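Comments concern the structure below.
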Amino acid sequence: MNTSLHDFIRGLPKAELHLHIEGSLEPELMFALAQRNRVALPYASVEEVRAAYDFSDLQSFLDLYYAGAAVLQTEQDFYELSAAYIARARADNVRHVELFFDPQTHTGRGVEIAIVFAGIARALREARLEHGFSGSMIMCFLRHLSQEDALATLQAALPLREQYADLWIGVGLDSGEVGNPPEKFAQVYAQARECGLHLVAHAGEEGPPAYIHGALDALQVERIDHGVRAEEDPALMRRLQQSQMPLTVCPLSNLKLCVVEDLREHNLARMLRAGLCVTVNSDDPAYFGGYMNANFIATADALHLSREELVQLAKNSFTASFANAEQKQQWLREVDEYQAQFAAN
Ligand code: HPA
Ligand code: ZN
């Protein structure tokens, strides 16, 4: 354990680019919302919920994640969920988030898509006004459902585009990866691209390197979410390095979902040292044991990251964001100033 390095991490300005807002639902809020909305939960206590978070793979997590999300029903629920995440992120010196949300998880239960947008947006706008916290929204399609379902979701969301022009910046692809390759969603991604939305997709978490190629070629994504299985394909590693295609890596998620057996075996440091544009993110922090700083600290300890490498990870998070160039430069300067100031003390 290195106290000074941990302090350095805590104060380091950073951006989070891979965060499912539904995955930030802490058991305490899950219980409170279940009571308020009269939704039955298959758990007797908060402790019982936490004890159930013992996953063997992505699907074993998704089963609980979708069940937990059933307590989210009103605009106020989505607002409180998002406000709670933002408070945690700010405490970790996160300056900017590009958060994922899964409308199909909610519309499938009869919650209108406009309610989901409105609650999340209210929290992000309030945080911008009150704290200068920067945030935007990436709408994800559930890949275990059909492309027709994704197309209908995009159609349902497009009328909201103007109302949320300051926030809704892109689309993503999540849920069960294996058996649902990127090519399945080529048409809906082409439509989103024509609308001027940014494109990202989960690929190479549990799926093979071919899914990363597929996300790049068939979907034309601008970032890969996870991407850790790229290491199995040397030509792909070269492609990712040469293009500086960002990877939003989630170390504690990979550990909890058994993508790696031990954090000391995680390839984040190897990819960083090979010159890839990797970032650190929390994915579903309420389920995977920690928010941004917990991910940074556990990774730094397990992989012996240097202060310079941590600075590189923080800079990558801003560079890989969809913020404008001027804003990025301002954050990058902030990181430099922080590093200089920390060194002087
Ligand atoms: N992978 C795929 N789908 C998800 C994840 C993830 O890590 N988190 C929430 N939905
Ligand atoms: Zn994810």
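In each ligand, atom 1 is the first atom listed, and ligand 1 is the first ligand listed. Source: prediction; values computed, not measured.
- His266 contributes a side-chain N or O that, together with a main-chain N or O of Leu268, makes up a donor-acceptor pair within less than 3.5 Å.
- Ser175 and Leu58 get closest at one heavy-atom pair: O-CD2, 3.8 Å.
- Among protein heavy atoms, the minimum distance from atom 3 (N) of ligand 1 is reached at Ser175 N, 2.8 Å.
- The backbone N or O of Gln187 sits less than 3.5 Å from a side-chain atom of Gln147, completing a donor-acceptor pair.
- Glu98 and Arg223 are joined by a salt bridge, as a carboxylate oxygen and a charged side-chain nitrogen come within less than 4.0 angstrom of each other.
- A salt bridge does not link Arg333 with Asp336: every distance from a Lys NZ or Arg NE/NH1/NH2 to an Asp or Glu carboxylate oxygen is 4.0 Å or more.
- If you look at His20 and ask which of its N, O or S atoms sits nearest the Zn ion (ligand 2), the answer is NE2.
- Nearest protein neighbour of atom 1 (N) of ligand 1, counting heavy atoms only, is Glu205 OE1, 2.8 Å.
- Comparing heavy-atom distances from atom 9 (C) of ligand 1 across Leu19, Asp174, Leu142, Asp284 singles out Asp284 as nearest.
- By the 3.5 Å distance cut-off applied to N or O atoms, Asp283 is counted among the residues near ligand 1.
- Proximity of Leu257 to ligand 1, defined as any heavy-atom pair under 4.0 Å, is not found for any part of the residue.
- Between Arg50 and Glu26, at least one side-chain nitrogen of the basic residue sits less than 4.0 Å from a carboxylate oxygen of the acidic one, meeting the salt-bridge criterion.
- The minimum heavy-atom distance between Gln104 and Cys140, with the atom names listed, is OE1-O, 4.0 Å.
- Between Phe117 and Phe101, the distance from one ring center to the other falls under 6.0 angstrom.
- Of all atoms in ligand 1, numbered sequentially from 1 with element shown, those under 4.0 Å from a heavy atom of His202 are 1 (N), 2 (C), 6 (C).
- Taking 4.0 Å as the cut-off, Asp225 does not count as a neighbour of ligand 1 on heavy-atom distance.
- Not one N or O on the side chain of Asn295 forms a donor-acceptor pair closer than 3.5 Å with the backbone of Val280.
- For the pair Arg36 and Asp77, the salt-bridge criterion is met [side-chain N within less than 4.0 Å of a carboxylate O].
- The nearest N/O/S atom of His18 to the Zn ion (ligand 2) is NE2.
- Ring pair His202/Phe100: centre-to-centre distance below 6.0 Å.
- Taking backbone and side-chain atoms together, Cys250 has no N/O/S atom less than 2.8 Å away from the Zn ion (ligand 2).
- At a heavy-atom distance under 4.0 Å, only side-chain atoms of His226, from C-beta outward, approach ligand 1.
- Distance from atom 5 (C) of ligand 1 to its nearest protein heavy atom, with residue and atom name: His20 NE2, 3.6 Å.
- Neither the backbone nor the side chain of Glu177 has a heavy atom within less than 4.0 Å of ligand 1.
- Only the side chain of Tyr65 comes within contact range of ligand 1, with a heavy atom under 4.0 Å; no backbone atom does.
- A salt bridge links Arg128 to Asp166: at least one charged side-chain nitrogen sits closer than 4.0 Å to a carboxylate oxygen.
- Residue contacts with ligand 1 for Asp102 are absent, since no atom lies close enough (heavy atoms, distance under 4.0 Å).
- At a threshold of 2.8 Å, the Zn ion (ligand 2) has no backbone or side-chain N, O or S atom of Asp284 nearer than that distance.
- Shortest distance from the Zn ion (ligand 2) to Asp283 is reached at OD1 (N/O/S atoms only).
- Counting the atoms of ligand 1 from 1 in the order shown, those under 4.0 Å from a heavy atom of Phe61 are 8 (N), 9 (C).
- With 2.8 Å as the limit, His226 does not count as an N, O or S neighbour of the Zn ion (ligand 2).
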